[in-house]
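Source: prediction; values computed, not measured. Lettering of chains follows the sequences in order, A, B, ..., and the numbering in each one begins at 1. Atom set for the values below is all heavy atoms of this structure, side chains included, hydrogens, waters and symmetry mates excluded.
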Protein chains: 2
Amino acid sequence: MEVRHLAVFLAVAEERNFTRASIRLHTTQSAVSATVQSLEAELGAELFDRSARQIQVTVAGLALIPKARAVLDAVVEARDCVDAVTGGVTGTVSVGFMTSVTLVDIPRLLGEFAEANPEVRVVLRSSERGSSGLVDMLSSGEVDIAFIANLAQPPADVRLMELDSTPLLLTVTSAHRLASRSSIGLRELAGERFIDFPLGYGNRSIIDRAFADAGLDRDVRFETADIAHAAALVKNGLGVAFLPAFLVASEPSLRTLTAQGEDLRLTVSVAISHSRRPSRAAQLLWDLAQNARTPR
Amino acid sequence: MEVRHLAVFLAVAEERNFTRASIRLHTTQSAVSATVQSLEAELGAELFDRSARQIQVTVAGLALIPKARAVLDAVVEARDCVDAVTGGVTGTVSVGFMTSVTLVDIPRLLGEFAEANPEVRVVLRSSERGSSGLVDMLSSGEVDIAFIANLAQPPADVRLMELDSTPLLLTVTSAHRLASRSSIGLRELAGERFIDFPLGYGNRSIIDRAFADAGLDRDVRFETADIAHAAALVKNGLGVAFLPAFLVASEPSLRTLTAQGEDLRLTVSVAISHSRRPSRAAQLLWDLAQNARTPR
DNA sequence: GAAACCAATCGCTATATGCGATGATTCAAG
DNA sequence: CTTGAATCATCGCATATAGCGATTGGTTTC
């Protein structure tokens with residue numbers, strides 16, 4: 001009987017629903033199902049009655065609930081007592097991030113982390129080369145953990161966890177020939193001048209890939225690494241841009257169009273190196289990000 | 001942090017020695033080493049000081065010991081509370097065994113099991129075809145668990161755990177031409193009449209294989225499935241036999257010889273099916289056998 | 001300095017876990 | 001009675017973890 005089994009059992013018992021438990025645990029329903037079954041087999045008792053649509057906790061399950069909580073509490077105590085002796089989590093965690101992507105509130109996340117772990121020194125690093133630069137810094141050990149936007153091909157030695165995503169909308173001025181349209185095919189954008197991020201940035205690669213897949217060229221006339229700057233360029237009629245929805249929603253002088261037949265999204269993920277074992281501090285930051293993310 | 005990690009940690013802390021802990025846990029030193037390292041990495045603290053030959057528990061380790069015990073106790077309670085609700089372990093466990101192999105005290109083992117699990121009905125089954133017959137019964141589900149002697153080629157779907165082993169010694173009467181020898185090569189036994197188990201029995205296959213490997217024939221004149229009967233036949237001068245040491249040690253009229261260059265041993269193992277999940281009762285019996293076995 | 005002891009490490013295999021897709025069952029709404 | 005949504009089980013596959021046995025390297029004892 002392992003701690004993980006009991007944690008899964010408790011989640012199901014509290015939610016009275018395997019699927020909701022899986023969401024809470026940030027895993028899949030099939031994994032939850034398998035775990036509960038393995039626990040039941042080990043105990044030699046059914047813990048849930050699944051015969052009806054609304055599952056019931058069996059008598060054995062009810063008896064187990066407080067004991068399972070006791071085990072989990074004892075585990076927390078065990079961890080805390082070691083932290084107390086070692087003076088809590090210390091050391092330095094080096095965090096890579098991108099300015100200008102506010103989809104995920106990284107400052108707030110880091111604030112929470114700093115409050116919970118006051119002894120940890122946090123070093124913030126950013127990259128000239130966007131997400132792909134951050135990934136290289138992860139691989140080289142220059143940063144311990146990084147918040148990145150979509151990567152076309154995430155390398156094998158990076159472990160990614162998606163935090164949130166938002167649609168990328170074609171943004172034009174209200175005076176633009178397309179301002180009255182609500183959606184548009186990529187093919188119709190052949191003549192437009194585009195404003196976009198430099199190569200290497202997540203946003204840029206998504207759009208590049210979509211045009212390449214459609215066999216189309218596009219004219220990226222202006223490049224900037226600052227997303228607010230990009231919006232300002234659009235506003236001044238220098239070109240059009242695919243920008244995240246949250247950025248342009250409140251701009252009265254801008255209009256947005258969806259791309260027909262494409263699912264263009266900006267996704268923010270947290271990443272750690274898969275090959276090197278994370279420090280305790282990096283692990284805690286990862287866990288914090290996991291709990292903070294919108295549940296699917 | 002998993003229950004298994006804490007159990008391993010406690011064993012090392014109590015033994016103050018990785019190797020002894022591994023023996024107590026019926027695993028290997030390397031596995032213990034890896035487990036402790038993984039726990040240390042997770043906690044971000046060294047638990048043992050290995051710089052000297054005699055390892056020391058660190059301050060963090062000392063703090064963890066009582067908490068780890070608390071977790072293990074809570075786990076035991078959790079299991080017990082489910083057993084209490086379901087009325088303890090019940091059902092039927094079907095045990096295959098061989099009469100006449102007293103190397104492992106199976107009756108005592110079953111006695112302990114019955115005392116600890118009074119609600120379980122134990123069905124004893126034996127096989128006409130020795131260990132290979134028992135293995136077939138395991139595969140077919142006819143028995144849940146079986147105590148068997150050495151198998152030449154254990155099938156893939158059988159999980160074996162060795163319990164004990166004893167040398168097989170060539171046994172002759174004190175009047176035999178070889179009675180004064182202390183060891184002998186298989187080649188010199190060409191003309192002897194052998195008494196042995198029927199085909200399919202573990203003992204038989206070991207000796208058959210040894211002779212086959214040496215490119216020799218032998219003359220098995222008498223076959224019996226009862227090992228005491230075999231000894232009696234030898235005593236009456238009907239032939240010679242390879243018999244387990246414990247059986248003939250106290251027989252004044254018999255002499256024993258070791259086989260030169262061969263390591264002929266009778267090994268008793270407990271076996272369960274690898275493919276079907278064992279019942280709770282079968283699992284407990286397996287655990288009991290594991291704890292009862294001579295530690296290496 | 002040699003031997004004994006003992007934990008770390010390495011390469012390999014087996015098991016466990018997780019995922020996504022699919023299937024089966026229940027139940028409510030038409 | 002049929003349809004469809006909800007929901008858990010199952011399957012095949014990929015990856016991670018754990019265990020084993022052999023070996024290495026460091027420490028102590030004689």
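In R79(B), the CZ atom is crowded: over 12 heavy atoms of neighbouring residues, nucleotides or ligands sit closer than 6.0 Å.
Ring geometry, F48(A) versus F18(A): the interplanar angle exceeds 60°, so the pair is classed perpendicular (tilted spans 30 to 60°).
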Protein and nucleotides 25-29 of chain D: nitrogen or oxygen contacts under 3.5 angstrom:
unit_1: dT28(D); atom_1: O4'; unit_2: R53(B); atom_2: NH1; d: 3.4
unit_1: dT28(D); atom_1: O2; unit_2: R53(B); atom_2: NH1; d: 3.2

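Rounded to whole Å, atom P of dT17(C) lies 8 Å from atom CD of E2(B). Whole-Å rounding puts the Q29(B) CD to dA7(C) P distance at 6 Å. Rounded to whole angstrom, the span from the CZ atom of F18(B) across to the C1' atom of dT9(C) amounts to 14 Å. Atom CG in N17(A) sits about 11 Å away from atom P in dA9(D), given to the nearest Å. Between the P atom of dT25(C) and the CD1 atom of I55(A) lies a distance of 18 Å, rounded to the nearest Å. As rounded to whole Å, 12 Å separates atom P of dC8(D) from atom CD of Q56(A). Atom-to-atom, CZ of R16(A) to C1' of dT7(D) comes out at 16 Å; the value is rounded to the nearest Å. One can place CD1 of I23(B) at 12 Å from P of dC20(D), the figure rounded to the nearest angstrom.
The two residues L62(B) and V57(B) come nearest to each other via the heavy atoms N-CG1, 3.5 Å. In terms of heavy-atom proximity, F147(B) sits nearest to L134(B) at O-CD1, 3.5 Å. Heavy-atom minimum distance, E42(A) versus R280(B): O-CD, 3.1 Å.
Put simply, the side chain of S94(A) reaches to within 4.5 Å of the side chain of V143(A), judged on heavy atoms. Considering only heavy atoms from C-beta on, L64(B) comes within 4.5 Å of L43(B) through its side chain. Considering only heavy atoms from C-beta on, V12(A) comes within 4.5 Å of I55(A) through its side chain. In this structure, the side chains of S269(A) and M161(A) stay at 4.5 Å or more apart for every pair of heavy atoms.
Between T27(A) and dG18(C), a side-chain N or O to OP1/OP2 separation shorter than 4.0 Å is absent. Between S33(A) and dC8(D) there is no side-chain N or O to OP1 or OP2 distance below 4.0 Å. Under 4.0 angstrom from either OP1 or OP2 of dC8(D) there lies at least one side-chain N or O belonging to T19(A). Contact between the side-chain N/O atoms of H5(A) and the OP1/OP2 oxygens of dT17(C) is found at a separation under 4.0 Å.
Using a 4.0 Å heavy-atom distance criterion, S30(A) is classed as a base contact.
Proximity of residues 34-49 of chain A to DNA chain C (heavy atom under 4.0 angstrom from any strand atom) is restricted to T35(A).
Candidate nucleotides dA8(C), dG19(D), dC6(C) were compared by shortest atom distance to the side chain of T28(B), and dG19(D) ranks first.
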